[in-house]
Amino acid sequence: MENNELWQSVLAQMQLHISKANFATWFQNTEITLKDNEKVVISVPNAFSKEWLSNKYYKLMLKTMHDMDNSIKELEFTINPQSLKRFVDKTAVEQEKTDIEQLKFEEFKVNKDTNLNPKYTFENFIVGSFNDLAYAAALAVLESPGHAYNPLFIYGGVGLGKTHLIQAVGNKITSDPKKKKVKYMPSEKLVSGIVTAIRSNSMEAFKASLSPIDVLIIDDIQFISGKTKSQEEFFHIFNSLYEKNKQIILSSDRPPNAIPELEERLKSRFEGGMNVDVSLPDYETRLAILKTKLQEKNLKLPEDILEYIASNVKKNIRELEGALNTLLIYCKVNNAPDLESAKKLLKGFVFSPFDVANYKKIIETVAKFYNLDEKSLFDKTRRKEIVRPRQVAMFLLRKELKYSFPAIARKFGGKDHTTVIYAYKKILKESEENNKLTEELGLIKQRVYSG
Ligand code: ADP
Ligand code: MG
């Protein structure tokens with residue numbers, strides 16, 4: 001398999017496991033520079049990336065590559081400050097418009113003015129009972145921006161098409177000859193804009209830069225939770241646009257009333273327009289999505305494989321796409337896989353908790369993840385480096401294996417089971433509020449379930 005293709009498929013898988021921002025931070029300027037028998041050398045732009053990738057993602061990357069090409073047994077990272085430059089210098093790769101090319105990340109095509117990515121359109125947005133209300137609301141907004149529903153607030157779990165839909169609205173509006181001004185911002189960007197403006201005493205200028213906008217789209221607004229100052233400024237920004245009948249579109253992973261530490265007045269603003277959710281597609285819709293995506297790419301896969309994906313990859317649409325792309329990349333270099341090899345390739349996408357997760361695996365994985373001896377998880381200590389991993393282990397035993405609280409307490413040296421309940425609730429609550437923890441839990445689970 002060609003280095004670049006191999007790397008693209010690793011990237012496709014990594015995107016499933018980490019947030020966009022993290023993905024961009026750690027993976028964007030990386031590439032395979034050398035593949036030498038069992039070893040693959042990956043170049044990264046700086047020492048910081050090297051350390052982070054080798055500590056956090058080594059195993060997952062190795063496993064992904066090994067699944068694609070089982071001669072690969074080792075990875076090495078080298079620092080190459082040039083890799084950023086080379087990544088931007090799109091040369092030969094650019095011309096070679098292969099199928100693989102279409103699977104690649106199109107991050108660089110983002111419109112500088114609007115921040116919209118043109119790949120998100122209504123044309124390639126599939127509508128089913130899981131998202132038809134959100135779709136209808138989006139169409140109503142298109143009909144009369146600023147007047148139908150303001151704000152339009154779309155919520156639902158990750159990978160279910162929120163970003164796709166709200167960007168599609170933006171793209172459609174900018175393509176209209178009326179030339180309305182659209183701005184798309186992930187909420188991290190909004191927050192960092194506000195923080196910078198506060199620090200440099202330029203809040204008025206920041207607000208002025210937003211005032212000519214006709215349609216403001218903020219993605220993942222839940223990140224504003226707990227950020228008091230940003231909420232206060234956003235409240236004013238919101239109001240001044242709203243009063244001028246400018247359209248505001250928001251997405252979130254949960255409805256306004258479930259966003260913790262959100263000012264009451266913002267919550268009521270968010271609830272004041274149209275709140276509509278996107279949910280999970282059912283089996284038939286998942287199959288239809290797969291077929292549509294294949295059709296778009298003008299590619300084919302055997303029906304039994306498509307049915308296998310549709311019945312086993314259930315988490316969200318991003319994973320469906322990931323599974324499909326994994327197979328397509330495989331097809332590009334090998335023959336089309338049969339069902340058995342497809343199953344092997346898709347192992348990482350298919351979760352069957354009761355087959356693979358068990359007590360030993362969870363303890364082992366948590367300890368390894370946090371760089372601890374398994375024994376020390378059971379130490380009678382209040383040291384933070386131990387307490388947190390221990391709570392995570394308790395949480396996962398409960399959540400993934402449905403252990404009873406007293407059973408977990410017994411495993412941990414006869415602790416009072418209320419301690420376990422406390423740990424469970426604490427991790428649950430924090431994982432809802434804290435990205436880093438959610439990501440850690442995701443990575444740990446991925447390791448528990450991936451063999
Ligand atoms: P979210 O923002 O809800 O986390 P995204 O909008 O990023 O999810 O969607 C994840 C991936 O799935 C994207 O590549 C997107 O294009 C695709 N996708 C999601 N929903 C649909 C849909 N209804 N039709 C086609 N593709 C979709
Ligand atoms: Mg999104």
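We count ligands from 1, going down the list as the structure has it; atoms in each ligand are counted the same way.
Of the polar atoms of Phe125, none of the N or O atoms is found under 3.5 Å from an N or O of ligand 1, judged by distance alone. The shortest N/O to N/O separation between Tyr120 and ligand 1 does not fall below 3.5 Å. The shortest N or O to N or O distance between Leu165 and ligand 1 is not below 3.5 Å. For Leu160, a nitrogen or oxygen atom sits less than 3.5 Å from a nitrogen or oxygen atom of ligand 1, counting backbone and side chain alike.
For the 3.5 Å distance criterion, the side chains of Ser251 and Asp219 qualify, holding a donor opposite an acceptor. Checked by atom type, the side-chain pair Ser129/Asp132 shows no donor-acceptor distance below 3.5 Å. Between Thr64 and Asp67, the side chains place no donor N or O within less than 3.5 Å of an acceptor N or O (distance only, hydrogens not considered).
Here the shortest heavy-atom distance to atom 27 (C) of ligand 1, taken over Thr292, Ile317, Asp253, Asp132, belongs to Ile317. With Glu319, His164, Gln167, Glu123 as candidates, the residue nearest to atom 15 (C) of ligand 1 on a non-hydrogen basis is His164.
When heavy-atom distances to ligand 1 are checked against a 4.0 Å cut-off, Asn131 comes that close only through its side chain, counted from C-beta outward. Residue Lys293 touches ligand 1 through its side chain alone, judged by heavy-atom distances below 4.0 Å.
Between Phe270 and Phe238, the angle of the ring planes lies from 30° to 60°, which puts this pair in the tilted group.
Heavy-atom contacts of Val158 reach the following atoms of ligand 1: 4 (O) (cutoff under 4.0 Å). For ligand 1 and Thr163, the ligand atoms under 4.0 Å from any heavy atom of the residue are 1 (P), 2 (O), 6 (O), 7 (O). Atoms of ligand 1 lying under 4.0 Å from any heavy atom of Gly161, numbered from 1 in the order shown and given with element: 1 (P), 3 (O), 5 (P), 6 (O), 8 (O), 9 (O), 19 (C), 20 (N). Taking every heavy atom of Glu321 and a limit of under 4.0 angstrom, the matching atoms of ligand 1 come to 11 (C), 12 (O), 13 (C), 14 (O), 16 (O), 17 (C).
Of all the heavy atoms in Thr438 and Ser431, the pair that sits closest is OG1-O, 2.6 Å. Nearest heavy atom pair, residue Ile126 against residue Asn131, reads O-ND2, 3.0 Å.
Residue contact annotation: Gly157 has a non-hydrogen atom under 4.0 Å from ligand 1.
Under the salt bridge (charged side-chain N to carboxylate O under 4.0 Å, His left out) criterion, Glu307 pairs with no residue, sequence neighbours left out.
Rounding to the nearest 0.5 angstrom, the gap separating the CG atom in Leu266 from the CG atom in Leu250 is 9.5 Å.
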Atom pairs and distances, side-chain donor-acceptor, residues 148-160, under 3.5 Å, sequence neighbours left out:
| from | atom 1 | to | atom 2 | distance (Å) |
| --- | --- | --- | --- | --- |
| Asn150 | OD1 | Gln247 | NE2 | 3.4 |
| Asn150 | OD1 | Ile248 | N | 2.9 |
| Asn150 | ND2 | Lys246 | O | 2.7 |

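Not one N/O/S atom of Ser251, from backbone or side chain, sits under 2.8 Å from the Mg ion (ligand 2).
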